[in-house]
Amino acid sequence: MKKQYLGEIMDHPLLGKLLPVDFSPLKTCSFNCYYCNLGKTTKMTMEREEFYPVQDIIEEVDSYMDQNDLHDTIFLTGSGEPALYSKFGELARKIKEKYPSISTTAYSNASLLTDPEVRNDFCECDIMQFNLNAVIAEEFSRINQHHGRVRLDDVLEGLRKFKAETNKPIWIHSIFGDNFNTSEENIIGLRNFIAELNPDKYIIRKFEIENDVKPLREETINFIKNQMDSLSCKCHYMGFD
Ligand code: SF4
């Protein structure tokens with residue numbers, strides 16, 4: 001059977017074997033991040049939609065599970081921002097009911113988190129992961145190239161509210177690109193916001209696609225590490241070797 005909603009199994013250094021589950025047309029997002037490995041955003045939107053029926057997605061997951069060994073984690077990814085799938089909460093809840101021993105996670109840009117329904121939907125995941133690259137508006141816009149209705153203050157407030165409303169683990173990811181979000185002001189601001197939010201993990205990465213972007217300078221890497229190493233939450237540096 002041709003897979004419509006399932007991606008290729010991925011090995012994740014922190015989550016083990018991931019089964020990606022997709023539920024949105026490529027590439028539907030409220031951001032157009034410079035480094036996005038899905039390519040350019042073709043549908044830039046802030047509106048939630050029922051792109052595909054939950055039942056069709058569940059049937060494909062069931063069919064896969066019948067024929068394959070179970071994996072560690074189901075990754076509810078979408079081909080863009082997962083909150084844009086209006087049935088995200090129902091999908092996550094049904095998958096968890098059927099496969100309680102498998103962990104569920106999603107990775108969001110946090111742009112819709114001021115919506116209480118989105119926060120409720122994300123609470124269905126065992127681990128919620130969010131991206132936050134900048135706390136300075138100019139750098140936030142430069143790296144994320146977001147929809148005109150996205151406000152940095154809403155993103156930060158949404159993260160605070162989500163953290164206050166759930167006792168499930170939250171991971172934050174920051175991705176750094178030279179001259180995009182590497183001002184000392186931004187790095188210190190991110191450090192302070194992460195200290196306030198106190199996520200369960202803070203994952204720090206750099207652009208994978210170099211294109212015309214220069215690699216991070218040694219002094220920038222050292223400055224990031226000096227700042228983030230003083231956090232009380234666990235920091236993971238990926239690709240910084
Ligand atoms: S938020 Fe994620 S999917 Fe959307 S453009 Fe950025 S990296 Fe790509």
Side-chain angles (χ1 to χ4, degrees), residues 5-8 10 12 14-15 18 20-49 51-52 74-86 88 91-92 105-115 118-119 121-122 125 127-156 158-159 162 170-182 186 190 193 199 201-213 216 236 238-239:
Y5 302 112
L6 304 186
E8 296 301 320
M10 299 158 62
H12 189 281
L14 302 174
L15 292 165
L18 299 189
V21 177
D22 194 358
F23 37 74
S24 56
L26 188 78
K27 195 200 126 176
T28 308
C29 197
S30 48
F31 284 9
N32 182 25
C33 300
Y34 190 86
Y35 55 81
C36 185
N37 58 14
L38 295 174
K40 283 205 175 308
T41 297
T42 49
K43 182 167 178 166
M44 173 80 84
T45 180
M46 292 285 283
E47 303 305 322
R48 306 190 80 195
E49 278 182 56
F51 300 114
Y52 305 108
I74 290 180
F75 181 30
L76 298 164
T77 156
S79 290
E81 167 50 38
L84 292 169
Y85 183 43
S86 59
F88 182 94
L91 176 66
T105 190
Y107 181 28
S108 163
N109 63 25
S111 62
L112 281 85
L113 268 188
T114 47
D115 180 344
V118 169
R119 298 200 299 276
D121 283 0
F122 282 164
C125 286
I127 299 170
M128 230 2 257
Q129 305 182 62
F130 296 101
N131 174 263
L132 181 68
N133 298 322
V135 294
I136 304 295
E138 190 187 334
E139 294 179 53
F140 179 80
S141 298
R142 191 184 306 144
I143 191 165
N144 297 322
Q145 305 183 105
H146 51 78
H147 189 286
R149 276 172 42 207
V150 175
R151 297 274 173 273
L152 172 60
D153 286 348
D154 291 343
V155 169
L156 301 180
L159 286 166
F162 186 75
I170 295 176
W171 298 3
I172 303 290
H173 297 243
S174 293
I175 303 174
F176 290 96
D178 191 46
N179 286 330
F180 280 84
N181 58 341
T182 48
N186 187 54
L190 270 172
F193 182 77
K201 289 190 196 305
Y202 183 40
I203 295 151
I204 301 155
R205 293 154 49 199
K206 55 186 181 176
F207 284 9
E208 282 172 20
I209 342 170
E210 297 295 353
N211 294 339
D212 51 340
V213 179
L216 285 187
H236 297 264
M238 292 189 177

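Note that ligands are numbered from 1 as they come in the structure, with each ligand's atoms numbered from 1 the same way.
- The nearest protein heavy atom to atom 2 (Fe) of ligand 1 is not closer than 4.0 Å.
- In this structure, Phe162 and Phe122 have perpendicular ring planes: the angle between them is above 60°, well past the 30° mark.
- In terms of the ring-ring contact (aromatic ring centres under 6.0 Å, His included) criterion, residue partners of Phe23 (sequence neighbours excluded) are, by chain and number, Tyr85, Phe88.
- Rounding to the nearest 0.5 angstrom, the gap separating the SG atom in Cys36 from the CG atom in Asn144 is 10.5 Å.
- A side-chain donor-acceptor contact under 3.5 Å links Tyr202 and Ser174.
- Here Ser86 pairs with Arg48, Glu50 under the side-chain contact (heavy atoms from CB on, under 4.5 Å) rule; sequence neighbours left out.
- Not a single salt bridge (charged side-chain N to carboxylate O under 4.0 Å, His left out) links Asp22 to another residue, sequence neighbours left out.
- Excluding waters, the count of protein N/O/S atoms less than 2.8 Å from atom 8 (Fe) of ligand 1 comes to 1.
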